[in-house]
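One-based numbering, in listed order, for ligands and for the atoms of each. Fair warning: this is a prediction, and the values are worked out from it, not measured in the lab.
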Amino acid sequence: MSTIKALLHPFTTGMLKPPAQALMLRAHADAALDADWRQNLLCITGFKPDHDALLAGGFKVEAALPAEAGPFDAALCPLTKHKADSLAAIAQAWAALPVGGLLLCAGDNDTGAASLQKDVAKALGPLETASKFHARIFWTRKQEGEMPALLKGWLAGGATRLVPETGFHAGPGMHGWNKIDRGSKLLADHLPGDVRGRIADLGAGWGYLSAMLLKTGRHLKGLDLFEADAAALEAAKLNIQPLSGEPPIRFHWADVTKGLPRQRYHSVIMNPPFHSGKATDIELGTAFIQQAAHCLEKGGLMLMVANRQLPYEAAIDAHFKERRLVAEADGFKLIEARA
Ligand SMILES: C[S@@+](CC[C@H](N)C(=O)[O-])C[C@H]1O[C@@H](n2cnc3c(N)ncnc32)[C@H](O)[C@@H]1O
């Protein structure tokens, strides 16, 4: 069920008057977001596929909230399962509103919306609420006064920081932000000597695989990180730049499924995404495999880790000449393939 449909429910049913100028944080394209919203909504999303889909739909979109944007009479927050990230978005929305502005949130029941609603009521006082489409919907109006202390804490809690558990910079909402992905560790532990030359890291996240590759100290001609999540890519810069010696390193905010340069790389390393929203989506990984084959030179090497049960082998065989299982552990498999 669509969180955006739930979020817009108070407007579509007349419970709330549609705003003249609104802001939506963590926005994503959705059928419920009809053309009427194109003129009076500024969408903010750092996730490239959502950013591009909204732009293609004729919406105004920014990767981050510009300081001079507004004024807005409403701020809309679709909530996700990433609690700290959702709370940070709510605090950011509150900060962007004038006194009297409407703060409206909605989250699916199975992603912890009830708990978020409780937190917001504790910070901002009694809320108006509705329940529809298996989602909680709640809203309030901004009161006079300084940002409440709880909201200040939420802003800080959503920020990118040095994470003691990993020793790398990351923030809530990013994949594996406070623990090393076990699949990626399997890949890092088995980096073969012939991962060399010009390398692409597809779906690089906050840069773990690239960092581990650079830490081997081997000679590279270049390293390109491709990542859809703008905040993760910024964290990757913090993690990678101090490690970079000789090789030119480039950071690309990109939707890998939409295409990569042809035959540019000697090697590709990747732990592809396998979720679209809440659902497991093998098509995403399959598109990554196609793009890996496309961007590798002849004989180039792809090193890919995936959950053991995800059936990527047929897609690899369709696009690569050879495939080999390098290692299996902890429910993950590491596959090497030659273009
Ligand atoms: C399984 S995580 C791996 C992250 C990182 N490489 C690691 O090893 O920890 C997959 C990454 O792909 C990114 N991603 C998802 N869809 C993408 C797309 N269409 N294009 C580029 N990156 C994408 C996600 O944001 C996430 O950072």
Side-chain angles (χ1 to χ4, degrees), residues 26 28-29 45-54 56 63 80-82 85 160 163 165-191 195 199-215 223-240 249-261 267-292 294-295 302-308 310 312 330-335:
R26 314 289 189 269
H28 50 269
T45 174
F47 192 59
K48 193 75 162 73
D50 288 332
H51 179 276
D52 291 354
L54 285 162
T80 69
K81 64 178 179 181
H82 303 291
D85 187 49
T160 292
V163 179
E165 291 89 336
T166 63
F168 289 102
H169 292 85
M174 297 173 200
H175 174 84
W177 77 278
N178 57 0
K179 58 179 185 318
I180 306 292
D181 181 296
R182 282 176 294 130
S184 299
K185 177 151 188 336
L186 182 69
L187 194 157
D189 288 346
H190 290 83
L191 275 169
V195 171
I199 316 286
D201 179 354
L202 307 187
W206 49 257
Y208 171 71
L209 291 176
S210 287
M212 297 314 280
L213 178 62
L214 287 168
K215 282 184 177 187
L223 175 59
D224 282 6
L225 289 85
F226 294 88
E227 170 56 43
D229 176 349
L233 197 66
E234 287 308 307
K237 288 179 190 166
L238 295 175
N239 292 322
I240 299 297
I249 301 188
R250 292 184 301 182
F251 298 86
H252 307 269
W253 185 45
D255 178 349
V256 164
T257 68
K258 291 290 185 303
L260 292 175
S267 307
V268 163
I269 51 176
M270 64 182 192
N271 176 357
F274 54 92
H275 282 117
S276 283
K278 283 181 266 173
T280 298
D281 180 358
I282 191 186
E283 307 237 319
L284 259 176
T286 302
F288 269 57
I289 290 165
Q290 275 169 8
Q291 289 304 325
H294 175 83
C295 77
M302 174 184 79
L303 204 59
M304 164 183 176
V305 71
N307 283 22
R308 190 187 270 159
L310 295 177
Y312 288 128
D330 264 352
F332 294 94
K333 57 187 171 190
L334 178 61
I335 297 173

Could you give the distance from [atom1] ([X]) to [atom2] ([Y]), rounded to the nearest 0.5 Å?
| X | Y | atom1 | atom2 | answer |
| --- | --- | --- | --- | --- |
| Asp224 | Leu260 | CG | CG | 9.5 Å |
| Met302 | Ile289 | CE | CD1 | 5.5 Å |
| Tyr208 | Asp181 | OH | CG | 8.5 Å |
| Asp201 | Leu209 | CG | CG | 5.0 Å |
| Ile282 | Leu310 | CD1 | CG | 6.0 Å |

Close side-chain approach of [X] and [Y], heavy atoms under 4.5 Å:
| X | Y | value |
| --- | --- | --- |
| Trp177 | His82 | no |
| Val256 | Met270 | no |
| Thr286 | Tyr312 | yes |

Heavy-atom distances under 4.0 Å decide this one: backbone, side chain, both or neither, for [X] against ligand 1?
| X | result |
| --- | --- |
| Phe288 | side chain |
| Ala254 | backbone |
| Phe226 | neither |
| Leu209 | side chain |

Discussion item. Under 4.0 Å, counting heavy atoms only: does Trp206 come that close to any atom of ligand 1?
Written reply: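 Not so, Trp206 does not reach ligand 1.
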
What atoms in ligand 1 come closer than 4.0 Å to a heavy atom of [X]?
| X | result |
| --- | --- |
| Asn271 | 1 (C), 2 (S), 3 (C), 10 (C) |
| Ala204 | 5 (C), 6 (N) |
| Ser184 | 7 (C), 8 (O), 9 (O) |

Worksheet item: Of the listed options (Leu284, Ile269, Asp50, Asp255), which comes nearest to atom 19 (N) of ligand 1 when hydrogens are ignored and any heavy atom counts?
Response: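 Shortest heavy-atom distance from atom 19 (N) of ligand 1: Asp255.
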
Practice prompt. Have a look at Ala211, Ser210, Ala228, Ala188 and point out the one with the heavy atom closest to atom 18 (C) of ligand 1.
Written response: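 Answer by nearest heavy atom: Ala228.
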
Discussion item. Polar contacts were defined as any N/O atom of the residue lying under 3.5 Å from an N/O atom of the ligand; does this apply to Asp201 and ligand 1?
Written reply: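 Between Asp201 and ligand 1, no N or O pair is found under 3.5 Å apart.
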
Residue, atom name and distance, where the atom is the protein heavy atom closest to [atom]:
| atom | value |
| --- | --- |
| atom 20 (N) of ligand 1 | Val256 N, 2.9 Å |
| atom 27 (O) of ligand 1 | Glu227 OE1, 2.9 Å |
| atom 15 (C) of ligand 1 | Pro273 CG, 3.4 Å |
| atom 6 (N) of ligand 1 | Gly203 O, 2.8 Å |

Worksheet item: Can you tell me if Glu227 uses its side chain to pair, donor with acceptor, with the backbone of Ala204 under 3.5 Å?
Response: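 Yes, because the side chain of Glu227 sits within donor-acceptor range (under 3.5 Å) of the backbone of Ala204.
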
Discussion item. Less than 4.0 angstrom from a charged side-chain N to a carboxylate O is my criterion; do Asp330 and Lys185 meet it?
Written reply: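 The answer is no: the pair does not qualify as a salt bridge.
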
